[in-house]
Amino acid sequence: MIRVLQLLDLDAGFQAARGAATLARELGADFEVRAETIRGGGIARTLARLQRPASDVIVHAWGGRALAAANLVGAARVVYSPSDSPSAGSLKWARAAMGYRDIQVICPSATLRRAYIERGMPLGRCHLIRPGVEFGRIKRRRDNALRAALGFEAGDRVLLLPGESTRASNHRAAMWAAAILHVIDPKYRVLCWGRGEDVAGVTAYARHQKQPRLISAAEQRLKRAVEFEELLPAADIVLATADRPVATLPVVIGMAAALPIVATASEVLSELLEDRHTALLARPGSPKLLARRVLDLEEDANLQWAIADMARTEAYEYFALTRFLNQHRSLYRQTAEGAAVELPEHAAGPGLRFHGRG
């Protein structure tokens with residue numbers, strides 16, 4: 001029996017929280033998993049609540065505060081999944097911690113793994129495990145009742161901003177492009193989840209542009225917690241504008257739902273998407289060109305179908321939940337044995353050739 005303690009930052013984010021919950025539920029009978037979250041009072045209160053883990057317990061730290069707590073409590077075996085867009089300070093701190101403790105770093109994207117390695121992380125202790133999609137959660141059929149509840153009309157074209165609104169996700173760039181489209185035709189409107197540290201700034205953008213109907217924030221509008229997958233039946237197009245390492249799971253969920261995607265060709269998004277193959281891409285920093293790509297997509301129904309279908313195919317092939325689980329099982333077993341970690345790789349395919357294997 002391999003024992004794992006999942007230790008999460010309170011603000012670990014959607015991708016980390018979903019990943020930790022999935023592992024706790026799906027790893028199987030050979031694993032005993034429990035979870036702790038760093039809540040009010042921070043690390044000190046968490047340490048007071050935690051006992052020093054036994055030497056055979058693997059502590060999986062999701063986020064920088066969780067890694068600090070794992071080190072301070074004296075965990076012997078540590079797996080570290082960085083936050084979606086870690087700061088330069090957290091990168092430096094993690095590298096220092098690895099100098100005196102055996103820590104395996106698990107990155108959800110090749111972009112983030114490359115950033116860690118370029119800043120001095122040992123190659124043999126920095127690994128790539130892409131997020132796994134729970135395809136059973138995805139509903140592809142349009143839901144007119146949900147659209148109405150979110151404030152959209154039957155003829156609106158709804159642009160979905162994937163994931164939480166954070167500085168790294170750069171949803172303000174998407175709002176700029178959407179505002180251009182809204183002037184051209186008021187049917188173009190925006191749906192955001194309503195989570196993230198920048199959601200207030202994103203929703204305020206519409207007021208500043210005197211376009212109060214431009215955006216609907218789902219959780220604020222519906223006045224309840226909403227799973228991200230619930231938003232898919234209300235959307236027509238995914239508009240992704242991340243310009244730094246960021247959670248890729250929401251974009252992959254959009255791919256799996258066969259929603260056509262327009263995105264900026266930033267490093268992290270180019271890792272997932274290829275122009276005119278699985279998305280239409282525009283260079284970063286050009287909202288006008290991003291808006292033009294949306295119009296290009298709207299003018300060609302065959303292109304919409306082709307890129308959405310290919311994106312769905314690649315999501316099922318490269319982001320299956322079974323791969324995510326099997327790689328973590330291998331990771332935990334090798335860590336428990338004190339062996340060098342070598343994770344099973346998935347061969348790169350046509351739509352993933354930009355990032356290779358990490």
Side-chain angles (χ1 to χ4, degrees), residues 13-15 137-166 168-209 211-242 246-264 269 279-280 287 290-291 293-295 297-298 304 308 311:
F14 166 62
Q15 183 167 277
R137 291 177 178 262
I138 295 174
K139 298 178 181 178
R140 299 176 59 200
R141 182 173 297 178
R142 183 180 173 118
D143 187 335
N144 290 323
L146 175 61
R147 285 170 63 95
L150 290 166
F152 300 119
E153 297 175 2
D156 286 340
R157 298 295 288 170
V158 178
L159 309 173
L160 174 63
L161 309 187
E164 295 107 328
S165 297
T166 64
S169 67
N170 196 21
H171 284 173
R172 296 191 191 201
M175 290 296 296
W176 189 349
I180 295 170
L181 292 166
H182 192 68
V183 170
I184 295 170
D185 190 334
K187 73 180 181 181
Y188 288 104
R189 299 180 63 192
V190 174
L191 173 61
C192 76
W193 194 0
R195 296 186 188 181
E197 82 259 2
D198 198 35
V199 68
V202 170
T203 53
Y205 183 92
R207 295 195 300 274
H208 294 158
Q209 296 298 315
Q211 296 176 327
R213 295 183 66 256
L214 178 59
I215 188 169
S216 175
E219 292 200 335
Q220 287 77 1
R221 180 88 185 193
L222 299 178
K223 295 181 172 55
R224 63 176 176 84
V226 176
E227 292 290 339
F228 180 70
E229 289 89 347
E230 290 183 61
L231 304 180
L232 302 174
D236 297 298
I237 296 171
V238 173
L239 187 57
T241 49
V246 70
T248 53
L249 180 57
V251 178
V252 177
I253 288 172
M255 293 170 65
L259 285 171
I261 298 172
V262 175
T264 52
L269 293 176
L280 289 190
L290 198 63
R293 289 292 177 267
V294 172
L295 295 176
L297 188 70
E298 295 280 73
Q304 282 189 48

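Worth knowing before you read on, the calculation uses all heavy atoms, side chains too, and leaves out hydrogens, waters and symmetry mates.
In terms of heavy atoms, A240 sits closest to P162 at CB-CG, 3.9 Å. The two atoms that bring G254 and L232 nearest to each other are CA-CD2, 4.5 Å, heavy atoms only. Residue A218 comes nearest to L231 through the heavy atom pair CB-CD2, 3.5 Å, listed as atom of the first residue, atom of the second, then distance. Scanning both residues, R140 and A258, for their nearest heavy atoms gives NH2-CB, 3.3 Å. Pairing each heavy atom of C192 with each of T203, the nearest pair is SG-CG2, 4.4 Å. In terms of heavy-atom proximity, A235 sits nearest to L259 at O-CD2, 3.5 Å.
One distance of note links CD1 of I215 with CG of L159; it measures 10.5 Å at 0.5 Å rounding. If you take OH on Y188 and CD1 on I180, they are separated by 13.0 Å, rounding to the nearest 0.5 Å. We find the CD1-CG distance between I237 and L297 to be 5.0 Å, quoted to the nearest 0.5 Å. Residue E298 holds its CD atom at 14.5 Å from CZ of R293, rounded to the nearest 0.5 Å.
No donor-acceptor distance shorter than 3.5 angstrom exists from the side chain of E164 to the backbone of R195, with no hydrogens or angles considered. A donor-acceptor pair under 3.5 Å is absent between the side-chain atoms of S165 and the main chain of G196, judged by distance alone. At distances below 3.5 Å, at least one donor-acceptor pair connects side-chain atoms of D185 with backbone N or O atoms of K187. Q211 places no side-chain N or O within donor-acceptor distance of the main-chain N or O of H182, the cut-off being under 3.5 Å. Listed for the W193 side chain is a donor-acceptor partner under 3.5 Å among the backbone atoms of V226. Side-chain N or O atoms of E229 include none that pairs as donor or acceptor with a backbone N or O of I138 at under 3.5 Å. One N or O on the side chain of Q220 and one on the backbone of G194 form a donor-acceptor pair closer than 3.5 Å.
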* Asked: Can M255 and I261 be said to form a side-chain contact (heavy atoms from CB on, under 4.5 Å), step by step?
  -> CA-CA 8 Å; M255 293 170 65; I261 298 172; 3.5 Å; yes
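Partners of D236 according to the salt bridge (charged side-chain N to carboxylate O under 4.0 Å, His left out) rule, which considers only residues two or more places apart in sequence or in another chain, are R142, R147, R157.
Ring planes of F228 and F14: tilted class, angle from 30 to 60°.
You'll find the side chain of V238 stays beyond 4.5 Å of the side chain of V251, heavy atoms only. In this structure, R213 and D156 have side chains that are in contact, with non-hydrogen atoms separated by less than 4.5 Å. In this structure the side chain of L295 reaches within 4.5 angstrom of the side chain of I184, judged on heavy atoms. No side-chain heavy atom of V190 sits under 4.5 Å from any side-chain heavy atom of L239. When side chains are defined from C-beta on, I253 does not count as touching R137, because their heavy atoms never get closer than 4.5 Å. Counting heavy atoms from C-beta on, the side chains of E230 and K139 never come closer than 4.5 Å.
Heavy-atom neighbours of R141 CZ from other residues, nucleotides or ligands within 6.0 Å: at or below the threshold of 12.
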